[in-house]
Amino acid sequence: MYELNLWSNKKSCAALPLGGSRPNEFIPPPECPVFEPSWEEFADPFGFINKIRPIAENTGICKIRPPPGWQPPFACDVDRLHFTPRIQRLNELEAQTRVKLNFLDQIAKFWELQGCTLKIPHVERKTLDLYVLYKLVKEDGGFDVVCKERRWSQIALKMGFAPGKAVGSHLRAHYERILYPYYLFQKGNSQKPTLNNDTKDKEYKPHDLPQRQSVQPAETCTIARRAKRTEVKDRYRNLIHTLTSLFKLDNNVKEEPIEQQVEGEKAKVRVEQYMCLVCGGGGDEDRLLLCDGCDDSYHTFCLIPPLHDVPKGDWRCPKCLAQECGKPQVAFGFEQAPRDYTLRTFGDMADSFKSDYFNMPVHMVPTELVEKEFWRLVSTIEEDVTVEYGADIASKDFGSGFPVKNGTFKVSPEEEGYLSSGWNLNNMPVLDASVLTHVTADICGMKLPWLYVGMCFSSFCWHIEDHWSYSINYLHWGEPKTWYGVPGYAAEQLEKVMKNLAPELFESQPDLLHQLVTIMNPNVLTGHGVPIYRTNQCAGEFVITFPRAYHSGFNQGFNFAEAVNFCTADWVPLGRQCVEHYRSLNRYCVFSHDEMTCNIAAKADILELELASAVQKDMCAMILEEKMLREKAYKLGVWHSQQVDYDLLPDEERQCAKCRTTCYLSAITCPCSPDQLVCLHHIEDLCSCPVKSYTLNYKYTLAELKPLFQALTARAESYEDWASKVNKILKADQDDKSDLEELRSLVVEAEKKTYPETDLLSHLCQVIQNADRCTSMAQQLLNGKRQTRYRSGGGKSQNQLTVEELRSFVNQLYDLPCTIRQAPFLKALLNRVEQFQQESSDLLAEDMPGSSALLGLLDEGASLDVELPQLAVLRQRLEQARWVEAVQEASDQPADLSLDCMRRLIDQGVGLAPHACVERTMARLQELLTVCEHWEEKAHNMLTARPRHSIVTLEAAIQEVDSIPAYLPSCLQLKDCVSRAREWIMEADALQAGGHIPGLAALSELVSRARGIPVMLEPPTRLESLVSEVQAWKESAANTFLLRNSSHSLLEVLCPRCESGPQKSKSKKAKDVSVPCKKVEVKLDSLFDVEKALSTSKDTASAMATLSDVHQKELESLSMMRTSNESKFQSSPSCLAPTVCLCHTVPAGPMLQCELCRDAYHSGCVPGFKDIQSGLPWLCPLCKLSEKPPLEKVLPLLASLQRIRVRLPEGDALRYVIERTVRWQHKVQQVSPTPHPNGKVSLICSNIISLKINENMKIFYLYSYSCLCRQRDIPETKKEPEKLEKNSKRRLEKENIEGQHRDTIQKPKKKKPKMNKERRREEKQTTSPSNSLSDLSYSDDSEEDWSVCSAKKCQQPEGNEVNWVQCDGSCNQWFHQICVGVSAEQAENEDYICVTLPSQK
């Protein structure tokens, strides 16, 4: 084993121990409280300590940081201060480590005395812990039992070795080789062991504690081994005697070596002759061993077992071995260093040690690293680190670190305040509030400060202060000091744990913890339930330890500290308990507690009330105990007594011989030993003399103690009564509490009687202050509800309390020592709040409560002036419930549940907080939306599909859609389409059923409806083909009957005229007009009415009847028109000329007369005048509406229409026309006209034809007439115009039955030569030269005279041919070409617009 100390090889902390792995790292305990008083609080040291005591005494220690700027000067004379430090080997400080070291020293000594060197083996690359191995085997029943039951593997597991590596066999071998012989020796076995070490084992170097502590062991001889021959008899008798004596030796028995006696009266033993005590022979001198302890001789082969070789080192015989190993252990203590230090030399040494150890500058080493390394070092047996500590240096010898009055250190005027400061450790023990002021002796360390100069790792072990007093430590300068503290209530627990963990140390030293030499790892103690707190005390900070608070620690480096004790009034009862504790441990007292109490009682008049009250209680207990002890002594027979002034005796001369307590009130002495005395607790332990001979020595009689007690009582009585009343009020039950005014009266009483500022008074004032604050707050809560309600913006008012705060506040009100009037009201509010919370909890426990219940509960919560976390949850749940209800309501009305509604609900639900019901509802709604969107899209696709779907497919889809509870427009449209398709199919079937021929209007309407239905229908294809055929038929009929570019419709051409009046207006066809089925009185005043009537007719017969009615009206209208037109040419008394022609002017020039309406027209106004054929009937443009096809061409049209089997107004009209034509032909055939001999039709036929014109339709007039004319022989040559005019005139006169003359008419105007092609074509078709009229009264010569030119300056040209031109504008006026400057070519090829037209526009 090696040793690391500060004298030789210093080891770096980075090196690992020889044992292998480093121990578990140290875990720092929690921090103790740190206080930073204000200057006002700092001015009263004891007042501040009393203030923090309720907090700090729960941790045992606390740290106080003075106010900034409080920095007393360092007054110690550095040059004069010198001291001898203590030597501390760190691993010997720790209790468990010291036990191991002591055990190893005993094992090493055992083998050393037998000439063997102990070497500690290694197992699994770790140094084997022989102590633990020895203890575990011993606890399991010993070596034999462990071997028999094969428990070595379990032993290995308990020692921390990994299983399955055959470690147990190695442990057994090491135990059997090293520890088992020692175990047998302890049991008294006679076997002489031998030790065979492994070359790899590490040699163990004993610590030699007695030698290092200046305790000399038994003197040993250094006699060399030599062989002496002597005569020995009875070898075996001597061997048995030796072994027998060895077996009887006990470990605690001390015996001298037994001298060998030789039989014979005059036998003399020579020095040079030795005999073996076993065999009694002196032969084999080279094998004869001499004991280095007693000089006895033994052959190596006589020993059991025999030794093969002579041991190299010292050898002890069995008797000496038993004596040396049986010596009791020496009490452990610190050694003094061999040299003296000054502060400077000690600081150099300390800084050098720390910097070398950690390989870094001292100020850079973290405190955490130093702390962990310290506890590692104290727990290892493989590293011996030695440090020095300058502790308990008396300040009276070298001066305090604080400046003192009349001291050698001179302070500046600014620093004079530190001389009288209560925090100056020279002043604190003797302040008026300190009990130690009344201790007359100057107790160094208690009343006088001690100085401490530390270095890195130097430590102070677990201890409590003398008499369980307070202590205060101030670190003047240097590196921090680390403290560990245990509260006073856990002191006995710490003592118990340490005794259980290191019982060997306490067996020899029961008061070990009072020696300040033993430390134990805080982690070990906390592991056994001991509460421990720590702190790092830096320069300029105080650390205070409280009564009976164990504390320990170490220094982080070179520093200088100062400490002293003090006691306050609250310590007095603890001081008496401490004396009783010291008596049980037989420990001396530093001062007499009874003496101190009597000294205080003697000054009762000037005592503070708190101290007087505390001492009065203590003195009462003292007098009662003294009275009881004296009565006990009297009963035992101690009748002699004498008064002794113990004040004059030093403490060591009045200590109890038994318990070492310092006697003061009384003691027992015996004449046999007058210098020895005992206290009254140990009368029987004084001596063996009869008790009657004892003498009771007393300081005071009980009567003399009474005045002292009464003085204290008088001083403390008024305060005690007041304090008793206060305590009674403060500790009253709930039903016996007083009101606040009574507490205020007690404070007023304390102020009047000038009671001191005690803790009780401070507590009373604090209670009143708390009660006032609680009353004010309670009143605000009760009156401020309206001011603390929810703001308009919503949310929590800043003045609202939480439920816990309200509950705590109500509890605080009821915990007050006095009654508060507002407490019941707040209690009722709390009950309402708790009821609200319960109802909220019950309601929120439901899956989804109704919104009305939630809303009611929210209103109830809003009425409470408390911050309720349930309100937010209820609002959240209300939103969820409303949403769920909205979804349910929408689901209950599927007709209103549209896709937008579902999307809106989903968007609203997404923002809600998660909830199972919401999630289920959301899932259902999303699923429904997905299905609806799918079917909407599918329905839309079906509606817009090309080709269209069949009605069966759509109906199958509708059946699936009907089960979806939602409003789907496309699906409804699809359903409507299917319904309309069904209706259409029914109508189509009904329309074609029973041989009924449908009308074109109904058929067209049906086809039109089919196109609007997006369904694939079979009938529409046939109907559309029918409609197409009808349309083709109409086009064919229109091409047959209608004139080119005609503005008339086919129905208008085929149907009889129904318009009345001379100016016939064209009526336009109304298309796709649905007529009602019920026909009230049918009007036939227009073509629209006729078409409507034909369309609504049920059959052909009704249509023919309608057309017959129209035809009758046509005849009536035509008759009236003819009469009116013919009357124009009859003589009239009016002088006004009649207006004729399209131009509505008077007749002039050659005139044409319409064969149908009898109206006259100017030949120039009639288009195609030159193309008019003579001899044919001429119809005016208003009467000629269509072509005149032959009947053979018309009949196929009717036949094709009948094949189509569709009724239409044009078809009915055509049928009616054909029927009329056939009837007319039939009548003509009945007449059977006879041909003229010259091939001409007779006049009778002509008359018949002229008569029939009035009865037949205008269309077939020319047709019939032309048919009749083709039967005549019509010459090809044209007649002269004059002849035509004459014939026309004659025909006109002949047809006028009434013989009326024509009115005067305007001169007819000649048509302008220029015409467009279409107009010329029309003129050719409609105008015949034979229709030109010329009144008999007019002649060719008068034509020019009647012509009027519209030019402003007409040149009035004359001649046979005068060229005219008509304006192509809107005025239609005629001009002479020469008058307007237009040539014949220009008039023919270009449009002419007169100069007056632009002005008119």
- request: Please find out if less than 6.0 Å separates the ring center of F560 from that of F74.
  value: yes
task: Check E541 against N536 and note the closest heavy-atom contact, atom names and distance.
output: OE1-O, 3.8 Å
query: Distance-only, no hydrogens or angles: does the T380 side chain make a donor-acceptor pair with backbone N or O of L377 under 3.5 Å?
result: no
Closest non-hydrogen atom pair between P487 and P531, with its separation: CD-O, 3.4 Å
- request: Check salt bridge (charged side-chain N to carboxylate O under 4.0 Å, His left out) between R344 and all other residues, then give those that pass, not counting sequence neighbours.
  value: D79
message: Tell me every residue that passes side chain to side chain contact (heavy atoms under 4.5 Å, CB included) with Q812, counting only those two or more places apart in sequence or in another chain.
response: C774, F809
- line: Output for pair (Q88 CD, T386 OG1), nearest 0.5 Å, gives 10.0 Å
query: Hey, is K135 close enough to D140 for a salt bridge, meaning N to O under 4.0 Å?
result: no
message: Taking side chain to side chain donor-acceptor pair (under 3.5 Å) as the definition, give me every residue that meets it alongside D44, ordered by chain and number, with sequence neighbours left out.
response: none
- line: The side chain to side chain contact (heavy atoms under 4.5 Å, CB included) partners of N58 (sequence neighbours excluded) come to none
query: Do any N or O atoms from the side chain of S434 and from the backbone of L431 form a donor-acceptor pair under 3.5 angstrom?
result: no
query: Is a side-chain donor or acceptor of Q766 paired with a backbone partner of H763 at a separation under 3.5 angstrom?
result: no
task: Could you walk me through whether Y489 and E57 pass side chain to side chain donor-acceptor pair (under 3.5 Å), step by step?
output: CA-CA 9 Å; Y489 66 83; E57 68 181 357; over 6 Å; no
- prompt: How about F546 and W468: are their ring centroids closer than 6.0 Å?
  reply: no
- line: Closest non-hydrogen atoms of I61 and G485, given as atom of the first, atom of the second and distance, are CD1-N, 3.7 Å
message: Is it the case that the side chain of K354 and the backbone of M455 share a donor-acceptor pair, with hydrogens and angles ignored and the cut-off at 3.5 Å?
response: no
query: Atom OG1 of T482 and atom CD of Q537: how far apart are they, to the nearest 0.5 Å?
result: 9.5 Å
task: Kindly indicate whether the side chain of R86, heavy atoms from C-beta on, has any atom under 4.5 Å from the side chain of E388.
output: no
query: Do E562 and N426 have side chains that get closer than 4.5 Å, going by heavy atoms?
result: yes
message: Treating N523 as the side-chain partner and F26 as the backbone partner, does any N or O pair qualify as donor plus acceptor under 3.5 Å?
response: no
task: Specify whether W423 and F542 have parallel, tilted or perpendicular ring planes, treating 30° as the upper limit for parallel and 60° as the lower limit for perpendicular.
output: tilted
query: Do any N or O atoms from the side chain of E580 and from the backbone of Q577 form a donor-acceptor pair under 3.5 angstrom?
result: no
Test item: S400 side-chain N/O and F402 main-chain N/O as donor-acceptor pair under 3.5 Å: yes
- prompt: Ion pair present between E25 and R376, side-chain N to carboxylate O less than 4.0 angstrom?
  reply: no
message: Checking V543 against H551 for the side-chain contact (heavy atoms from CB on, under 4.5 Å) test, could you report, in this order, the C-alpha distance in whole Å, the side-chain angles of both residues, the deciding distance, and whether it holds?
response: CA-CA 11 Å; V543 170; H551 52 280; over 6 Å; no
field: side-chain contact (heavy atoms from CB on, under 4.5 Å), paired with M498, selected from I519, V524, L525
entry: L525
message: Y452 vs N555, test: side chain to side chain donor-acceptor pair (under 3.5 Å). Steps then yes/no.
response: CA-CA 10 Å; Y452 298 87; N555 297 287; over 6 Å; no
query: Any sub-3.5 Å donor-acceptor pair from S459's side-chain atoms to F554's backbone N or O?
result: no
field: Pair V435-T568, side-chain contact (heavy atoms from CB on, under 4.5 Å): steps then yes or no
entry: CA-CA 6 Å; V435 178; T568 57; 5.7 Å; no
- request: For residues V123 and H174, determine if any side-chain heavy atom of one lies less than 4.5 Å from a side-chain heavy atom of the other.
  value: yes
task: State, yes or no, whether a side-chain contact exists between R65 and F35 at a heavy-atom distance under 4.5 Å.
output: no
message: I'd like to check F46 versus Y470 (side-chain heavy atoms, cut-off strictly below 4.5 Å). Are they in contact?
response: no
query: Under 4.0 Å between a Lys/Arg side-chain N and an Asp/Glu carboxylate O for R548 and E465?
result: no
query: Checking E139 side chain against L136 main chain: does a donor-acceptor pair fall under 3.5 Å?
result: no
query: Do S471 and N565 have a side chain donor and acceptor closer than 3.5 Å?
result: no
query: When you check the side-chain N and O atoms of E495 and Y550, is any donor under 3.5 Å from an acceptor?
result: yes
- request: State which residues pass side chain to side chain donor-acceptor pair (under 3.5 Å) with D466; sequence neighbours excluded, sorted by chain then number.
  value: R587
query: In chain order, what residues pass the salt bridge (charged side-chain N to carboxylate O under 4.0 Å, His left out) check against K496, with sequence neighbours excluded?
result: none
message: For W70 and Y418, I'd like to know if the aromatic rings sit close, meaning centre-to-centre distance below 6.0 Å.
response: yes
task: Taking all non-hydrogen atoms of both residues into account, name the closest pair between S355 and S352 and its distance.
output: OG-O, 3.1 Å
- request: Could you tell me which non-hydrogen atom of A561 sits nearest to which non-hydrogen atom of L475, and how far apart they are?
  value: CB-CD1, 3.8 Å
query: With a 4.5 Å heavy-atom cut-off, do M349 and F558 have their side chains touching?
result: no
Minimum side-chain heavy-atom gap C461-S552 below 4.5 Å: no
message: Taking the six-membered ring for Trp, are F346 and F83 closer than 6.0 Å centroid to centroid?
response: yes
query: Could you walk me through whether L133 and I155 pass the side-chain contact (heavy atoms from CB on, under 4.5 Å) check?
result: CA-CA 8 Å; L133 179 60; I155 297 293; 3.8 Å; yes
query: Are the aromatic ring centres of W483 and F460 under 6.0 angstrom apart?
result: yes
message: What I want to find out is whether R534 reaches E371 closely enough, with some N-O distance under 4.0 Å, to be called a salt bridge.
response: yes
field: Which atom of T59 lies closest to which atom of P33, heavy atoms considered
entry: OG1-CD, 3.2 Å
- prompt: In Å and rounded to the nearest 0.5 Å, what is the OH to CD1 distance from Y474 to I472?
  reply: 10.5 Å
message: Side chains of M159 and L128, heavy atoms from C-beta outward: is any pair under 4.5 Å?
response: yes
message: Could you walk me through whether V486 and V530 satisfy the side-chain contact (heavy atoms from CB on, under 4.5 Å) test, starting with their C-alpha distance in whole Å, then the side-chain angles of each, then the deciding distance to 0.1 Å, before giving a yes or no?
response: CA-CA 8 Å; V486 177; V530 180; 3.9 Å; yes
field: Side-chain donor or acceptor of H467 paired with backbone N/O of V590 under 3.5 Å
entry: yes
message: If you take the centroid of each ring, where Trp contributes its six-membered ring, are W375 and Y484 closer together than 6.0 Å?
response: yes
query: For the atom pair OG (S458) and CZ (F374), what is the distance rounded to the nearest 0.5 Å?
result: 8.5 Å
query: For the atom pair CG (D356) and CZ (F358), what is the distance rounded to the nearest 0.5 Å?
result: 11.5 Å
message: Rounded at 0.5 Å granularity, tell me how far SG in C62 sits from CD1 in I52.
response: 4.0 Å
